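Everything quoted here is computed from the prediction, not taken from an experiment. In what follows, every chain begins at residue 1, and chains take the letters A, B, ... in the order their sequences are listed.
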Amino acid sequence: MGMARIEAIASHFPDAVLDNAALAKLYPDWPASKILEKTGIASRHISAPGETSADLAEQAARKMFAAGVDPASIDYLLFCTQTPDHVLPTTACVLQEKLGLRTDIGALDFNLGCSGFVYGLSLAKGLIETGQAKRVLLLTADTYSKLIHPKDKSVRTLFGDGAAATLIAECDATEPQIGPFVFGTDGSGAQNLVVPSGGYRNPRDAASAVEQTDASGNVRSADNLYMNGPAIMAFTLREVPAAIARLSDVTGRRLNDYDVVAFHQANGFMLERLRAKLGIEPSRFALRLESCGNTVSSTIPIALEPLVGQETKRRALLVGFGVGYSWAACEAVLPSKGDL
Amino acid sequence: MNAFYAGMAEIFEIAETDITPDLDLASHTWDSLAIVSTIALIDECFNQLVGGKALAECATIADIEALIRIDAAKVA
């Protein structure tokens with residue numbers, strides 16, 4: 001058995017664009033320039049009514065296939081989303097059919113948010129390096145816009161809809177091309193990034209749909225996404241540096257030993273604070289959110305997409321963190337054109 | 001406290017000279033975004049993480065400074 005390696009990434013966004021000028025009309029205290037300054041985001045893509053995470057993931061996969069990846073070679077499908085098409089069946093099964101993948105393959109969904117891509121790499125590596133699969137298609141997609149109240153600027157300014165398709169495949173390298181990993185989970189933060197109703201704990205009803213205005217003037221109901229921004233900021237500043245230190249203990253590498261450091265693209269302000277706190281050189285720090293916002297589990301592959309299959313091979317450090325709380329960090333080698 | 005005051009002035013978009021211990025936070029935009037920014041600022045200036053709820057309950061700059069000292073005492 002060989003090593004698992006990232007071999008291709010393709011992203012897809014819905015057509016509709018929500019820019020800061022449109023948001024500024026809704027939030028009089030926040031001119032477009034302030035939204036850009038505070039979030040690092042100029043515009044986000046928004047899914048159409050009836051356009052689902054599976055639709056976005058399908059298009060990302062089709063883009064990858066059009067670039068040369070043979071769909072018949074895929075022998076495992078992983079789909080990371082928090083906005084699935086159905087409670088059941090598993091959306092990955094629906095995607096197997098939509099994409100015309102073989103029927104003798106494994107397929108499963110997993111529910112993680114901003115840490116999901118790194119966990120997906122971990123699962124794919126496990127499948128490949130234990131001989132259970134050779135070519136894993138990892139799809140990440142979310143449509144948080146469908147959960148966000150239009151008058152909640154605390155989240156509507158940040159999140160965008162989008163998807164990414166990542167091919168993780170067996171290669172004949174002798175050194176690991178993905179990993180090692182460190183993980184983190186702290187369910188005590190579950191209520192700080194949450195859609196309170198809509199599951200079986202708190203089913204949606206007339207009461208859950210009642211809108212309330214918070215101290216910052218944001219409107220939402222229990223059916224909508226709620227984010228406790230201060231708590232998430234504190235969690236991130238606490239756990240991301242700690243996770244990186246744990247990984248460094250394993251690898252012996254320091255941050256500026258990496259060609260690329262790609263964090264979950266939460267928002268520009270948080271990323272800059274983390275970058276400065278950790279002393280990461282700007283030239284190594286991946287940023288790709290200005291025109292798409294925070295696309296949850298797709299942000300890291302979207303940031304890596306332009307770096308795979310280029311002239312030079314790059315060693316990357318990846319860190320996903322967020323809803324759960326859930327976080328994970330790992331190394332990954334991004335192969336050059338000549339490696340593939 | 002200079003870097004902290006400069007940072008608070010930036011958050012409130014006012015002159016640094018206007019940041020005084022008795023500055024009334026409620027007379028400025030002491031909202032979720034300002035609190036998020038202040039958590040990051042305190043981390044930057046003092047390498048301390050202050051809770052958002054405690055910050056939200058602060059009425060003045062002096063209250064925030066007291067929170068930093070209390071947290072510093074806890075850390076020590």
Notebook entry, point to check: Atom CD1 of B:Ile39 and atom CG of A:Leu237: how far apart are they, to the nearest 0.5 Å?
Noted result: 8.0 Å
Check: Just wondering, are more than 12 heavy atoms of other shown residues or ligands nearer than 6.0 Å to CD in A:Glu281?
Finding: yes
Item checked: B:Ser37 portion near chain A, given a 4.5 angstrom heavy-atom threshold -> both
Check: Counting heavy-atom pairs under 4.5 Å to chain A, which of B:Leu33, B:Ile35, B:Asn47 comes out on top?
Finding: B:Leu33
Next item on the list: Please name the pair of heavy atoms, one in A:Ser216 and one in B:Asp31, separated by the smallest distance, quoted to 0.1 Å.
Entry: OG-CB, 3.5 Å
Note to self: So for A:Arg273, is it side chain, backbone, both, or neither that comes closer than 4.5 Å to the heavy atoms of chain B?
What the structure shows: side chain
Notebook entry, point to check: Is it the case that more than 12 heavy atoms not belonging to A:Arg238 sit under 6.0 Å from its CZ atom?
Noted result: yes
Margin query: Tell me if the NZ atom of A:Lys38 is crowded by more than 12 foreign heavy atoms within 6.0 Å.
Written below: yes
